[in-house]
**Student:** 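My questions will all concern the structure given below.
Each chain gets a letter, A, B and so on, in the order the sequences are listed, and its residues count up from 1.
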Number of protein chains: 2
Amino acid sequence: MRVNETRVNRAMGNTSCTCEYCQLKNIFFAHVKSDELTNICDLKVERSFSKGESIIQEGDPITEFVYMKKGLVKLSKATIDGKDQIISFSKPFDFVSLLSVFSSTQYKYSVTAIEQTTVCILQLDVVRKYAEENALFAMDMMSNISQMTDKIIHDSLEIKRKHLKGRIAHVLLYFSDYIYKKDEFELPISRREIAEYIGMTTENVIRTLSEFRKDEIIKIFGKDILIADKKRLKNISEFG
Amino acid sequence: MRVNETRVNRAMGNTSCTCEYCQLKNIFFAHVKSDELTNICDLKVERSFSKGESIIQEGDPITEFVYMKKGLVKLSKATIDGKDQIISFSKPFDFVSLLSVFSSTQYKYSVTAIEQTTVCILQLDVVRKYAEENALFAMDMMSNISQMTDKIIHDSLEIKRKHLKGRIAHVLLYFSDYIYKKDEFELPISRREIAEYIGMTTENVIRTLSEFRKDEIIKIFGKDILIADKKRLKNISEFG
DNA sequence: ATTACTCTCTGATAATTATCATAGCAGGTT
DNA sequence: AACCTGCTATGATAATTATCAGAGAGTAAT
């Protein structure tokens with residue numbers, strides 16, 4: 001991680017060992033023995049980031065293994081012409097390091113909190129040691145990587161084949177159905193960031209949202225979105 | 001794999017054990033002991049496919065582990081409206097199963113030979129057994145998955161941020177620099193397939209290639225392409 | 001209070017890309 | 001031969017999307 005003046009809790013360390021109830025044990029560490037888990041729990045460092053704070057910076061050496069405990073982050077990459085492209089979003093209990101950790105020594109993307117976020121951090125060599133000694137754990141990691149990249153590739157194909165309206169519908173349904181699981185939610189990102197995700201201009205994102213509002217498919221109150229006609233939105237996402 | 005009347009060599013099995021010089025030993029099976037490798041070599045089945053033949057069909061149950069020994073394939077996915085989207089291309093010594101094998105029980109994409117292709121096939125449970133018993137091998141697989149998905153995601157972002165001309169330039173440079181490593185080559189895919197890869201219409205692919213020809217950036221003889229001005233092509237790929 | 005931001009929003013216009021129509025050509029089939 | 005079919009190719013036109021310009025609202029800093 002880059003030295004960042006906005007980063008907080010740098011030295012707070014393991015302030016609250018809540019591993020006891022952490023779902024990671026069942027998901028990711030299912031094949032790690034319980035005494036080793038206690039060890040992992042002691043070694044982990046928990047950190048919090050406010051909305052907008054940088055968690056990982058593109059180019060950072062990969063020395064840590066970061067997983068989402070709470071919140072929401074965006075994975076993004078700077079283009080040659082100084083803009084940003086958003087690759088995907090991650091939520092608990094994704095491992096935001098997984099995309100690069102076994103193919104590179106440096107992060108190829110940045111990770112930024114788009115909601116108040118808590119992550120847990122393990123030293124990479126610790127995780128690597130466990131993986132090298134415990135093939136079942138390594139297999140679980142593989143499954144995790146696969147699921148993560150699978151979703152990224154799938155969404156990328158979906159977005160690619162759709163027109164502007166379909167892409168916006170896709171994004172709204174993504175947050176509504178996949179992230180928040182309700183029809184009314186606060187968009188965690190700006191119109192510009194939506195544009196960076198789906199590869200369109202900010203103006204057209206705004207225009208399309210306005211159009212959906214005029215057509216009474218959604219209601220907009222700033223960042224608050226209410227999906228009023230999900231059936232129509234799904235139809236637009238599929239075929240529009 | 002689906003029963004396919006075009007598939008050949010179904011029952012040929014291990015007709016030519018050329019494992020002895022296979023590069024896979026150094027790349028993928030580096031941490032598998034040599035006596036186990038002999039076992040793997042005995043269990044593997046080699047199969048050949050002509051250009052156009054289906055190797056894996058979307059929806060097939062994943063029971064085998066397929067790697068590229070020779071040739072070139074496309075990974076593609078059918079869209080809801082009956083078209084195809086090309087995800088990526090794979091060459092020796094990629095593992096074309098890797099994209100799904102640890103995240104799903106069924107293939108989510110099809111694999112089709114776009115050149116005369118030879119693959120080697122291992123039963124998935126054999127590979128899984130080795131991985132479960134040999135964490136270093138599992139780690140090597142992880143690295144392989146990561147590199148493969150990394151490249152897919154990277155290319156997808158590059159294509160997404162470019163305009164039509166830049167995308168065509170990207171594809172030409174992909175085949176020239178990454179696949180064939182020469183300036184003159186035979187395009188292994190049709191204009192329509194290029195369109196399916198970069199998310200444009202066939203007509204515009206053809207038009208853009210014609211434009212490059214008129215601008216003397218490339219020469220075209222049917223499927224044969226000669227890159228005459230690579231510098232300009234690279235410039236278009238980056239900024240056009 | 002003023003300045004300087006960024007974000008949201010809208011309209012007018014330009015550029016890009018898709019669609020539709022047409023045609024030549026090659027390969028395969030009957 | 002005549003008839004498909006798929007691929008390549010080009011032009012005209014329509015649709016989509018980007019760019020440019022401007023404006024209000026909010027927020028932070030001076």
Side-chain angles (χ1 to χ4, degrees), chain A residues 5-6 50-52 74 79 81-86 112 114 159-172 186-215 218-225 236 239-240, chain B residues 5-6 50-52 74 79 81-86 112 114 159-172 186-215 218-225 236 239-240:
Chain A
E5 65 289 354
T6 61
S50 312
K51 181 166 180 154
K74 67 172 180 183
T79 65
D81 44 340
K83 292 173 187 169
D84 268 358
Q85 276 183 293
I86 293 181
T112 311
I114 57 175
I159 288 170
K160 194 196 250 181
R161 76 177 181 85
K162 288 172 186 173
H163 286 182
L164 182 41
K165 282 185 194 180
R167 294 181 185 190
I168 298 287
H170 176 98
V171 170
L172 292 175
E186 186 186 335
L187 263 181
I189 54 176
S190 68
R191 313 312 198 234
R192 179 175 54 73
E193 286 171 308
I194 295 177
E196 287 170 355
Y197 180 49
I198 63 181
M200 304 267 123
T201 59
T202 307
E203 294 95 318
N204 279 332
V205 170
I206 291 168
R207 245 186 282 272
T208 306
L209 285 172
S210 295
E211 200 177 325
F212 285 176
R213 176 175 44 72
K214 282 171 199 155
D215 292 345
I218 59 172
K219 292 188 181 176
I220 305 176
F221 323 91
K223 285 241 190 314
D224 288 320
I225 302 284
I236 292 170
F239 309 105
Chain B
E5 65 289 354
T6 61
S50 312
K51 181 166 180 154
K74 67 172 179 181
T79 65
D81 45 340
K83 293 173 186 169
D84 268 357
Q85 276 183 292
I86 293 181
T112 311
I114 57 174
I159 288 170
K160 193 196 253 183
R161 75 176 182 85
K162 288 172 185 173
H163 285 182
L164 182 43
K165 282 186 193 178
R167 293 180 185 190
I168 298 288
H170 176 98
V171 169
L172 292 174
E186 186 187 336
L187 262 183
I189 53 175
S190 68
R191 306 331 191 220
R192 180 176 53 74
E193 287 172 307
I194 295 177
E196 286 170 355
Y197 180 48
I198 62 180
M200 304 266 122
T201 59
T202 308
E203 294 96 318
N204 279 331
V205 171
I206 292 169
R207 245 187 283 271
T208 306
L209 284 171
S210 296
E211 200 178 324
F212 284 176
R213 176 175 45 71
K214 282 171 199 158
D215 292 346
I218 59 172
K219 291 186 179 174
I220 305 177
F221 324 92
K223 284 242 191 310
D224 287 321
I225 301 284
I236 292 171
F239 308 105

**Student:** Using a strict 4.0 Å threshold on nitrogen-to-oxygen distance, state whether A:R192 and A:E196 make a salt bridge.
**Tutor:** yes
**Student:** Could you give the NZ-to-P distance, from B:K162 to C:dT16, as a whole number of Å?
**Tutor:** 17 Å
**Student:** Can you tell me the distance, in whole Å, between the CZ atom of B:R161 and the C1' atom of D:dA18?
**Tutor:** 17 Å
**Student:** Does B:T202 offer a backbone N or O that forms a donor-acceptor pair with the side chain of B:R191 under 3.5 Å?
**Tutor:** no
**Student:** Is there any protein nitrogen or oxygen under 3.5 Å from a nitrogen or oxygen in nucleotides 6-10 of chain D, and what are the pairs?
**Tutor:**
residue : atom : partner : partner atom : Å
D:dC7   : OP1  : B:R192  : NH2          : 3.4
D:dC7   : OP2  : B:R192  : NE           : 3.4
D:dT8   : OP1  : B:K223  : NZ           : 2.6
D:dT8   : OP2  : B:R191  : N            : 2.9
D:dA9   : OP2  : B:R191  : NE           : 3.4
D:dA9   : OP2  : B:R191  : NH2          : 3.2
D:dT10  : OP2  : B:S210  : OG           : 2.6

**Student:** Give the rounded distance in Å between these two atoms: CZ of A:F221 and P of C:dT8.
**Tutor:** 16 Å
**Student:** Whole Å only: how far is the NE2 atom of B:H163 from the C1' atom of C:dT17?
**Tutor:** 10 Å
**Student:** What integer distance in Å separates A:L164:CG from D:dA15:C1'?
**Tutor:** 13 Å
**Student:** For a 4.5 angstrom cut-off between non-hydrogen side-chain atoms, does B:P188 reach B:K223?
**Tutor:** no
**Student:** Not counting sequence neighbours, which residues clear salt bridge (Lys or Arg N to Asp or Glu O under 4.0 Å) with A:E193? List them please.
**Tutor:** A:K74
**Student:** In whole angstrom, what separates A:E196's CD from C:dC7's C1'?
**Tutor:** 13 Å
**Student:** Tell me the interatomic distance from A:I114, atom CD1, to C:dC7, atom P, rounded to whole angstroms.
**Tutor:** 14 Å
**Student:** Rounding to a whole Å, what distance do you find between A:I218:CD1 and C:dT8:P?
**Tutor:** 13 Å
**Student:** Closer than 4.0 Å, any side-chain N/O of B:N204 to the OP1 or OP2 of C:dA18?
**Tutor:** yes
**Student:** Look only at the side chain of A:R213 and the backbone of A:I220, and say whether a donor-acceptor pair between them is shorter than 3.5 Å.
**Tutor:** no
**Student:** So, using salt bridge (Lys or Arg N to Asp or Glu O under 4.0 Å) as the criterion, who are the partners of A:K160 when residues are at least two apart?
**Tutor:** none
